[in-house]
J.: 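Handing you a structure now.
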Amino acid sequence: MEFISTRGGERVTGAQAIVQGIAKDGGLFVPASFPAVTRAELEGMLGMDYPERAAFVLHKYLDEYDEAELTEALRAAYAQFEGDDPAPLVRVENGMYMLELFHGPTCAFKDMALTVLPYLLKKGCELTGVKEQILILTATSGDTGKAALEGFKDAPGIKIAVFYPEDGVSKMQKLQMCTQDGENVDVVGVRGNFDDCQTAVKRMFRSEECNRAIAEKGYRLSSANSINFGRLAPQIAYYFSAYLDLVSSEQIKPGDEVDFAVPTGNFGNILAGYYAKRMGLPVGKLVCASNKNNVLTDFMASGVYDCKRPFFKTMSPSMDILISSNLERLIFEVSGRNAQLTAERMQSLRKTGRYDMRPEEMMAIRETFFAGCTSEDDTVECMYEFFSEYGYPMDTHTGVAMHVAQKYEKYREDNHEKDVRPMVVVSTASPYKFPQDVLYALTGNDVKDSFKGIKRINLLTAMKVPESLKALRYKPMRFKGVLSPDKLFDEVLKFLG
Ligand SMILES: *Cc1c(COP(=O)(O)O)cnc(C)c1O
C-alpha cells in the first residue's frame, strides 16, 4: 500500500513512511486508501490470538512486510507484557467494559506500539535500502518517552533522544525516564510545556541545516511520536481485538456497533479507532475525552481550532496538550482529502494559533465523534465513585475518559436514543503509574512519596503492582540535564559525538 502526505505531493511505501516518520513538506503520512476488513475476514479473526490479529491488521497497510515474520515480531513484542493477553477487555458492569492497555513494560498504552516500532523501523530500513544509522528524536508528555526508551534501548544502529517538559510530567514518569539504562539513549528536560518540546522537535525535523549536520555524522532522523504511522498501525489492532472479544464472549452479535471512549491528548489513540471504523469495524461513536485542556472539546463544538488559551497542568499530564498533531489526519479526511486546504490550515495554526473548519466538515466529524471534557474535581469524583461501586481502580487519564463516557450516556438518554450499544472505555495507564493522585482520588489521603502511594493503593485494591515500577525505587538517576528549547539541537549534536 502507498502512503501520501496530508499536505500534498509526496507518495511513499509503508516502509518509507515509517523510516521517514514525517513527510518532507511537514505533513503526516496517511494510507492512499483505507484497506477493508470484510465481515468474513472479521469472523476469521475470532480464532486468532492477539499477535495474529494485530499482524492481520498491520499487514493490510504494510503489505511489503512478510506476514509470518510480522506475526513473530508482534509475538515477541507482546511477550514482554505481564499476563497472557496484552489487551484484556474487562467487564465492569452491564454494557460497560474497560480495555486495559497498560500491561506493558512501562505501564501505559504507548507500549502497545512502541514495543513493535523497533521491528517495523529496522525492517523498514532493510526494505528501503537505508544504510545510515537512525536517530530518533521524541517529544514526550510523559509516557511516550519511557516507552520509546524501553523499546529502542541498545537497538543496534539506532540512537534515541527524548525531550520532556521539565515540570510537566509526573514524578513517576520522570523517575522512569531519568533512570533509563542503555548505551544509545539520551534524556533531556526542557524548560517549557509539552507543546514547546513538540514544536522544537518538529523544527529540527523540518530544518535543512539540522538534517545536514545529522547526515554528516552518518545518521538520519526518524520519529517515535504518534505522527509516525508505525505508531498508529499497532493501535488500530486493539480496537479490532476488543470488538472480537465482545463477539467471542457473546456480549454482542457480529455487526453490532460498539462505542469507545478514549482519553485524548495528541489524538493518536482515538485516531486509530477512526481508522478501524474506516476499515469496516462496526464502531458507533468515538468519545473524545479531554481534561481541563479542552481545545478539542471546543473544536468539536465550534469548528474552530484555537490553541491560544491558557495551558493547565493537570493530574493527567499525558493529556496536557494544546496542539493535537494527529488531528491533521482527521481534518485531511473530512476535507475530502484536500491537501492544499490542510496545508493552509496547518500554516494558519503555526502563524496565528487557529484555523476554521467548514460546517459540512464538522457535520461529518460529529457523526463519528462526541467530545467532552472534565474538571479535576469531576475526574476525582468519578474515580472514587467507580471504585466504591465496582471495586475497579483506574488511573487519572482513564478517569477523564470514564467521566466523559458517562456524560455521553446521559446525552443519549436525554435525546431518547434507544438502541443499546456497549461502551468500551480505553484504559491507558496503570493506576500505579500515578499513585499519589490515584490514592487521593480513592481515599482523600495525600502521601508525599510515590512508593508509599503504591503500597497504600495495593493494600486498598489488592491489585498487583507492576514489577517495572517496583524496581524503579532502587535505580540511580542517570539523566539530570535541563535545557531551553533553542538549545536542543546542540545537545543532539553532542549526543551523536
Ligand atoms: C499518551 C497518553 C494519552 C493520550 O493519547 P493520545 O494518543 O496522545 O491522544 C492518554 N493517556 C495516557 C496514559 C497516555 O500516556
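Excluded from the calculations below are hydrogen atoms, water molecules and symmetry mates; all remaining heavy atoms, backbone and side chain alike, are included. All of these numbers come straight from a predicted model, not from anything done at the bench. As the structure lists them, so they are numbered: ligands from 1, and atoms in each ligand from 1.
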J.: Within the structure, does Thr264 bring an N/O atom to less than 3.5 angstrom of an N/O atom in ligand 1?
T.: no
J.: Using a strict 4.0 Å threshold on nitrogen-to-oxygen distance, state whether Lys455 and Asp449 make a salt bridge.
T.: no
J.: What is the nearest protein non-hydrogen atom to atom 15 (O) of ligand 1, stated with its residue, atom name and distance?
T.: Asp143 OD2, 2.4 Å
J.: Will you find, in the side chains of Asn228 and Arg231, an N or O donor that is under 3.5 Å from an N or O acceptor?
T.: no
J.: Which residue and atom name correspond to the protein heavy atom nearest atom 10 (C) of ligand 1, and how close is it?
T.: Pro263 O, 3.5 Å
J.: In the protein, what heavy atom is nearest to atom 9 (O) of ligand 1, and what distance, to one decimal place, separates them?
T.: Gly265 N, 2.8 Å
J.: Please check whether Asn269 reaches ligand 1 - meaning an N/O of the residue sits under 3.5 Å from an N/O of the ligand, judged on distance alone.
T.: yes
J.: Does Phe434 reach ligand 1 with a nitrogen or oxygen that is under 3.5 Å from one of the ligand's nitrogen or oxygen atoms?
T.: no
J.: Does an N or O from Gly268, backbone or side chain, lie closer than 3.5 Å to an N or O of ligand 1?
T.: yes
J.: Report yes if some N/O of His397 lies less than 3.5 Å from some N/O of ligand 1; otherwise report no.
T.: no
J.: Where is the nearest protein heavy atom to atom 8 (O) of ligand 1: which residue, which atom, and how far?
T.: Asn266 N, 2.7 Å
J.: At a non-hydrogen distance cut-off of under 4.0 Å, which region of Lys433 contacts ligand 1 (side chain, backbone, both, or neither)?
T.: neither
J.: May I ask you to check if ligand 1 and Asp395 share an N or O to N or O distance below 3.5 Å?
T.: no
J.: Quick check: Met319 and ligand 1, any N/O pair under 3.5 Å apart?
T.: no
J.: Would you say the side-chain atoms of Lys146 and Gln180 include a donor-acceptor pair closer than 3.5 Å?
T.: yes
J.: Below 4.5 Å, heavy atoms only, C-beta onward: do Lys313 and Asp167 meet side chain to side chain?
T.: yes
J.: Out of all atoms in ligand 1, which are within 4.0 Å of some heavy atom of Phe267? Include the element for each.
T.: 6 (P), 8 (O), 9 (O)
J.: Can a donor-acceptor pair be found, under 3.5 Å and without considering hydrogens, that links the side chain of Asp25 to the backbone of Gly27?
T.: yes
J.: Could you tell me whether Lys159 and Asp186 make a salt bridge, using a distance below 4.0 angstrom between a side-chain N and a carboxylate O?
T.: no
J.: Quick check on contacts: which atoms of ligand 1 are under 4.0 angstrom from a heavy atom of Thr428?
T.: 10 (C), 11 (N), 12 (C), 13 (C)
J.: Taking NZ, NE, NH1 and NH2 as the nitrogens, is one of them in Glu361 or Arg345 under 4.0 Å from a carboxylate oxygen of the other?
T.: yes
J.: Go through ligand 1 atom by atom and flag the ones less than 4.0 Å from a non-hydrogen atom of Ala429.
T.: 13 (C)
J.: Whether Arg354 and Asp356 form a salt bridge (side-chain N of Lys/Arg under 4.0 Å from carboxylate O of Asp/Glu) is what I want to check.
T.: yes
J.: Cation-pi check for Phe370 against Lys285: NZ or CZ below 6.0 Å from the six-membered ring centre and within 45 degrees of the axis, yes or no?
T.: no
J.: Can you tell me if Phe102 has a non-hydrogen atom under 4.0 Å from ligand 1?
T.: no
J.: Heavy-atom distances under 4.0 Å are what count here, so tell me which part of Phe109 touches ligand 1: side chain, backbone, both or neither.
T.: side chain
J.: Between Arg421 (side chain) and Gly95 (backbone), is there a donor-acceptor pair under 3.5 Å?
T.: no
J.: Ring centres of Phe229 and Tyr61 under 6.0 Å apart?
T.: yes
J.: Looking only at protein heavy atoms, which one is nearest to atom 1 (C) of ligand 1, and how far off is it?
T.: Lys110 NZ, 1.4 Å
